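These figures come from a predicted structure and were not determined experimentally. Proteins come first, then strands; the chains are lettered A, B, ... in the order of their sequence lines, and each starts at number 1.
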Amino acid sequence: MPKLGKVRAQKEKTVTESRELILAFETSCDETSVAVVENGEHILSNFVATQIKSHQRFGGVVPEVASRHHIEEITIGIRKALTEADVTPEELTAVAVTYGPGLVGSLLIGVTAAKTFAFAHHLPLVPVNHMAGHIYAARYVEPLTFPSLGLLVSGGHTQIVLMKAAGEFEIIGDTRDDAAGEAFDKVGRVLGIPYPAGKEIDRLAHEGHDTFNFPRAMIHEANYDFSFSGLKSAFINTVHNADQRGEQLDRADLAASFQASVVDVLVTKVLSALERYQVKQLVLAGGVAANHGLRDALKVKMARFAPQTKLVAAPLALCGDNAAMIGAAAHIAYAKGDRADMSLNADPSLEFPWLTGVEA
Amino acid sequence: MKVLALDTSNQPMSVALLVDQKVIAKKTTATQLDHSVQLMPTITELMADQQWQPEDLDRLVVAQGPGSYTGLRIAVTTAKTLAATLHIQLVGVSSLAVLAGSVQTEGTFVSPIFDARNTQLYAGLYQIKNGQPVLVIADQHTNIPDWTAQLNAAGHPVTLIGELTRYHDALADALNVPATFTEGDANLPDAGVLGKLGMPLKAIDDIDSFVPQYLRLSPAEAQWAAAHPGEDHKNYVEEV
Ligand SMILES: Nc1ncnc2c1ncn2[C@@H]1O[C@H](COP(=O)(O)OP(=O)(O)OP(=O)(O)O)[C@@H](O)[C@H]1O
Ligand SMILES: [Mg+2]
């Protein structure tokens, strides 16, 4: 493999030499984000350009449209992130980038820009898994301590992840079909809520009650896996049947019932994982981690059934995709020596490994 | 003036280093390789061989399209990022003009053509004047009947250039002007030619808004535009 080192030896600064400053890139889906993070714990800047309005025209993210927006925003993001942080390229320690999972065309803009920037300024390049990024958003609340468990709930993922040490991630449970966020968005469509519907369903749910008793799939199975497609179908059928009878169902009750089912399953599975794995922290992260129903239920239930484990929920503002979380994950990856060379490619289906012996 | 020229608009990739009008290093690959994997290592290797540092560069010349959307974005992202962060001049050149520019014979009418899948093409018509391809019919997204009709109407003997195996017979049948098909390697883009074409051009002022010349809306955008005539297409992306 061709190596960057031929041009000039990369600067590999030691942390004692200066403050560690990482320029992080995140373009895995429909946000173009560039951040400067100091020592993995201070956000000096976090530029985020969201394309939600554009994709709302189509009812969901259109990959080619997303890629075209990313290339329009990327150099703006780099400049604004550095300017706001008041940091010059010469002061940087490393460049980090999400290289998967996500949409390949979107990922490629960040990967290409990050490689180019690293080359231009003779900086080491740190490849970051987007899901590790989501988890490390919680780092801005308090330092992660190990072993810990992560509940990753986002537009494309619903996983319980075991972290035995910093930067080590092993899946112990996963969704068999739809991701939690995906279910929110699909159900939202039936209620006429524009993409992405999670936040609005969350708001509606607080005005309603769990009156529909939707199914709680796999809730009592002896594993940490999930399934949300049955819930989605039950929801859609309930609404369609009512429509055919010319009956109007209460939207708030529908939202509350749907959310109660999702939250019930997530919390039950997390509690059972917390029983099996004695960990110091439960990290709640990913776009759906912004859900108030989920945050509240975990807090209450963990205080009661897992008081030995601390709930660390990612800050609300950092639950969605952003580069600050990538910078925090990169701080750990950098210390571990993770480096990519100039041949780094996007890996749209990048996944954490399963914990040995647990996989379905 | 030290120039880096890049073309990843289609399956082949071509990278060249020039000092003024002189090509000093060049690499062109013909087979389908991943541009994302290939481009940066190729740039670093060529530059290391010449002992050029990134900050030594004065100008970037990039094939701006048309071509494969993903392919275009690799070289354009690299070019605009380098130009923006190192304050280097940036110019874009038509990817079709790059092919036309490899034809030497003065006065020749050249139609560079890219396969745009299904029965679609990207094509333009150029004439070689003073050794440079001069635009005669603008680059466009078109198809075989439409493009051959335009070439027939132009009425000049034409040299077709591009990887056209799949379209050879259909084009030959539809053309009633004398047509010459370019053979073999000459159909590959040459970043040396690209660099020379980009040398006299004025550098882009607004690097941020430099994007590929796709010459075509994405299917979703095309449907949207058809359903919402006259709608403003700005402000879809918001900084939060
Ligand atoms: N308050 C909320 N309640 C429930 N869901 C929410 C809330 N806020 C956002 N979401 C959901 O979060 C999802 C977006 O999360 P995120 O941006 O992390 O996903 P992604 O990046 O598309 O997917 P992934 O991270 O798995 O690759 C959407 O499905 C959205 O509806
Ligand atoms: Mg995400």
Side-chain angles (χ1 to χ4, degrees), chain A residues 1-8 30-32 47-58 62-65 67-80 82 89 104-105 107-122 317 320 322 341-346, chain B residues 8 34-49 51-55 57 69-86 88 90 206-212 214 216-221 223-225 227-228 231 233 235-240:
Chain A
M1 260 191 210
K3 289 275 187 278
L4 169 67
K6 254 181 141 185
V7 173
R8 187 204 280 172
D30 59 346
E31 268 91 27
T32 312
F47 169 93
V48 181
T50 178
Q51 310 171 3
I52 282 181
K53 252 193 178 172
S54 182
H55 299 291
Q56 274 175 346
R57 295 176 293 161
F58 313 114
V62 179
E64 176 59 22
V65 173
S67 304
R68 290 187 183 199
H69 286 313
H70 283 303
I71 200 170
E72 292 163 5
E73 296 296 320
I74 194 71
T75 52
I76 300 173
I78 296 171
R79 188 180 56 252
K80 289 197 173 172
L82 288 170
V104 66
L107 289 164
L108 278 173
I109 303 300
V111 166
T112 304
K115 287 199 291 186
T116 305
F117 190 95
F119 165 68
H121 299 290
H122 312 277
N322 66 87
D341 67 18
M342 286 290 118
S343 66
L344 179 68
N345 201 0
Chain B
T8 58
D34 213 318
H35 294 322
S36 169
V37 174
Q38 288 290 304
L39 180 64
M40 286 309 299
T42 302
I43 292 172
T44 54
E45 204 177 288
L46 290 181
M47 287 184 50
D49 287 348
Q51 300 189 338
W52 284 17
Q53 297 298 330
E55 51 273 27
L57 293 169
Y69 301 156
T70 302
L72 288 172
R73 281 190 288 263
I74 302 284
V76 169
T77 301
T78 297
K80 76 186 280 190
T81 303
L82 258 185
T85 194
L86 291 174
I88 299 170
L90 172 66
D206 181 4
I207 291 172
D208 291 338
S209 53
F210 184 80
V211 293
Y214 302 105
R216 198 179 177 191
L217 292 174
S218 64
E221 289 279 11
Q223 279 175 20
W224 170 264
H228 301 81
E231 194 115 348
H233 278 246
N235 303 325
Y236 283 139
V237 180
E238 295 174 321
E239 285 177 32
V240 290

Under 4.5 Å heavy-atom distance to chain B, tell me which part of [X] shows up: side chain, backbone, both or neither.
X	answer
A:V62	side chain
A:I71	both
A:E73	side chain
A:R68	both
A:F117	both

Checking B:I88 now: which residues fulfil side-chain contact (heavy atoms from CB on, under 4.5 Å) with it, not counting sequence neighbours? B:L57, B:L60, B:L86

Qualifying residues under side-chain contact (heavy atoms from CB on, under 4.5 Å), relative to B:D34, sequence neighbours excluded: A:N345, B:S36, B:V37

Does any heavy atom of chain A fall under 4.5 Å from the side chain of B:A84, the backbone, both, or neither of them? side chain

Less than 4.5 Å to any heavy atom of chain A: does that hold for the side chain of B:S218, its backbone, both, or neither? both

Output, in order, the C-alpha distance, side-chain angles, deciding distance and verdict of side-chain contact (heavy atoms from CB on, under 4.5 Å) for A:T112 and B:R73. CA-CA 9 Å; A:T112 304; B:R73 281 190 288 263; over 6 Å; no

Mind listing the closest non-hydrogen atom pair of A:F119 and B:P54 along with its distance? O-CG, 3.4 Å

Closest heavy-atom pair and its distance - A:Q51, B:V237: CG-CG2, 4.3 Å

Gap separating the [atom1] atom of [X] from the [atom2] atom of [Y], nearest 0.5 angstrom:
X	Y	atom1	atom2	answer
B:E45	A:M342	CD	CE	13.5 Å
A:I78	B:T85	CD1	OG1	6.5 Å
A:L108	B:T77	CG	OG1	8.5 Å

Any donor and acceptor pair, going by atom type alone, linking the side chain of B:K80 with main-chain N or O of A:I74 inside 3.5 Å? no

Should B:E239 and A:I76 be marked as a side-chain contact (heavy atoms from CB on, under 4.5 Å) after you check the CA-CA gap, both sets of side-chain angles, and the distance that decides it? CA-CA 10 Å; B:E239 285 177 32; A:I76 300 173; 4.1 Å; yes

Please identify, among A:T75, A:I52, A:L82, the residue contributing the most non-hydrogen atom pairs under 4.5 Å to chain B. A:T75

Pick whichever of A:N322, A:V111, A:V65 has the most heavy-atom pairs under 4.5 Å with chain B. A:V65

Could you check A:R79 against B:D208 for side-chain contact (heavy atoms from CB on, under 4.5 Å), going step by step and ending with a plain yes or no? CA-CA 10 Å; A:R79 188 180 56 252; B:D208 291 338; 2.7 Å; yes

Begin with the C-alpha distance, continue with both residues' side-chain angles, and end with the deciding distance and a verdict on side-chain contact (heavy atoms from CB on, under 4.5 Å) for A:E64 and B:E221. CA-CA 9 Å; A:E64 176 59 22; B:E221 289 279 11; over 6 Å; no

